[in-house]
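So that the names make sense, note that chain A is the first sequence line, chain B the second, and so on, each numbered from 1.
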Amino acid sequence: MSFTFASWNVNSIRQRERHVLDWLDRKKPDLLCLQELKCETALFPRSFADAGYHPVVVGQKAYNGVAMLSRDPVELRCDKLPGFAHDAARYVEIGVAGMVIGNLYLPNGNSGGATGFATKRAFLDALAGRARSLLDEEEDFLFTGDFNVCPTDEDYAPGALSPDDALLRPESRAGWRRLLWLGLTDALRAVAPSGRHYTYYDYQNAAFQRNAGLRIDHALLSPRLAERLVSVTPDRDERAKEQPSDHVPLVVTLS
DNA sequence: ATGCCTAGAAAGTCTAGA
């Protein structure tokens with residue numbers, strides 16, 4: 001039996017409610033992982049439950065916020081990232097279909113000066129710790145979401161970011177590589193070792209029309225799940241819609 | 001020239017996003 005999940009930073013779930021409902025109706029994934037809800041838990045739209053999805057929502061006012069929408073009932077495991085002290089709705093972890101799935105919204109790291117960037121590094125550190133714990137427990141697990149890291153120079157369009165952007169900084173990339181070195185597989189690069197496969201296009205300067213994108217939304221698979229990987233596709237079409245999110249869904253199918 | 005969008009909070013235009 002196959003399992004299809006997607007990660008989608010929706011940049012306000014209330015602004016994007018219709019887009020997400022339509023997308024679910026067309027794609028029918030087993031699980032959709034949402035980031036940047038920009039709303040409190042109590043204000044999360046009811047329509048997704050009405051459409052047959054079990055919602056798990058970790059919201060907050062104005063910023064951040066993550067949610068999971070699952071076809072099957074799920075077990076909530078964590079509503080924050082263990083080892084990450086900051087009080088922000090940036091992580092939710094569930095158990096479903098024999099897997100542990102962590103849905104994350106990593107701090108961007110460009111705002112707040114040195115403190116803001118330190119928060120990004122702290123999240124990456126805690127995520128590596130979480131990976132080690134799940135490996136020790138011999139869980140089949142995956143992390144997916146908006147990592148706010150371009151892993152290599154091939155993962156952003158030339159000129160789309162300044163060279164010292166927090167998405168590119170050596171510390172950000174080192175945090176990403178550490179997850180790979182723990183044995184996790186970058187799902188997109190496992191099926192497409194090279195080439196442009198962006199998941200984000202800035203609203204400004206016609207970035208989408210110029211294909212001036214970034215690859216910052218990812219799925220990292222534990223070893224046994226990597227063996228089940230079938231396909232990974234950024235759903236570019238979604239960015240061409242009226243009033244879209246600046247991110248597109250990243251769709252992953254496991255056998 | 002971190003600015004040319006977009007969203008939220010809130011009633012000014014900030015902050016944050018990336």
Distance check: side-chain N/O of [X] vs OP1/OP2 of [N], anything under 4.0 Å?
X	N	result
A:Tyr201	B:dG17	no
A:Ser111	B:dG17	yes
A:His247	B:dG17	no

Would you mind reading off the distance between [X] atom [atom1] and [N] atom [atom2], rounded to a whole angstrom?
X	N	atom1	atom2	value
A:Asn108	B:dG17	CG	P	5 Å
A:His218	B:dA18	NE2	P	12 Å
A:Asp146	B:dA16	CG	C1'	13 Å
A:Leu167	B:dG17	CG	C1'	10 Å
A:Leu161	B:dG17	CG	C1'	12 Å
A:Asn64	B:dG17	CG	C1'	10 Å

Self-check item: Side-chain donor or acceptor of A:Thr199 paired with backbone N/O of A:Asp217 under 3.5 Å
Solution: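 Yes: the side chain of A:Thr199 pairs with the backbone of A:Asp217.
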
Exercise. Can you check each nucleotide of nucleotides 2-12 of chain B against protein heavy atoms at under 4.0 Å and return B for base, S for sugar-phosphate only, - for none, in 5' to 3' order?
Key: B-BBSSSS---

Practice problem: Could you check whether the rings of A:Phe3 and A:Phe5 sit parallel, tilted or perpendicular, using 30° and 60° as the cut-offs? | Solution: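 Judged by the thresholds at 30° and 60°, the geometry between A:Phe3 and A:Phe5 is tilted.
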
Self-check item: salt bridge (Lys or Arg N to Asp or Glu O under 4.0 Å) partners of residues 46-62 of chain A, not counting sequence neighbours, each pair once
Solution: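 Listed once each, the pairs would be none.
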
Quiz prompt | Partner residues of A:Phe147 under the ring pair (Phe, Tyr, Trp, His ring centres under 6.0 Å) criterion, sequence neighbours left out | solution =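 In terms of ring pair (Phe, Tyr, Trp, His ring centres under 6.0 Å), with neighbours along the sequence ignored, A:Phe147 is linked to A:Trp176, A:His218.
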
Self-check item: ring pair (Phe, Tyr, Trp, His ring centres under 6.0 Å) partners of A:Phe84, counting only residues at least two apart
Solution: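 So A:Phe84 forms a ring pair (Phe, Tyr, Trp, His ring centres under 6.0 Å) with A:His86, A:Phe123.
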
Exercise. Sort and list the pairs that fulfil side-chain hydrogen bond (donor to acceptor under 3.5 Å, both in side chains) and have at least one residue in residues 226-235 of chain A, not counting sequence neighbours.
Key: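 Those involving residues 226-235 of chain A are A:Trp23-A:Asp235.
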
Quiz item: Any side-chain hydrogen bond (donor to acceptor under 3.5 Å, both in side chains) pairs touching residues 157-170 of chain A, not counting sequence neighbours?
Solution: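 Residue pairs passing side-chain hydrogen bond (donor to acceptor under 3.5 Å, both in side chains), neighbours aside: A:Asn110-A:Asp165, A:Ser162-A:Asp164.
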
Practice problem: Pick base, sugar-phosphate or nothing for A:Asp217, based on heavy-atom distances below 4.0 Å to the nucleic acid. | Solution: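 Nothing, no heavy atom under 4.0 Å.
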
Exercise. Check every strand shown and say whether A:Arg215 touches a base, only sugar-phosphate, or nothing at a heavy-atom separation below 4.0 Å.
Key: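 Nothing, no heavy atom under 4.0 Å.
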
Taking atom [atom1] in both [N] and [M], compute the distance separating them and give it to the nearest angstrom.
N	M	atom1	result
B:dG12	B:dA1	C1'	24 Å
B:dT2	B:dT6	C1'	16 Å
B:dA16	B:dA10	P	15 Å

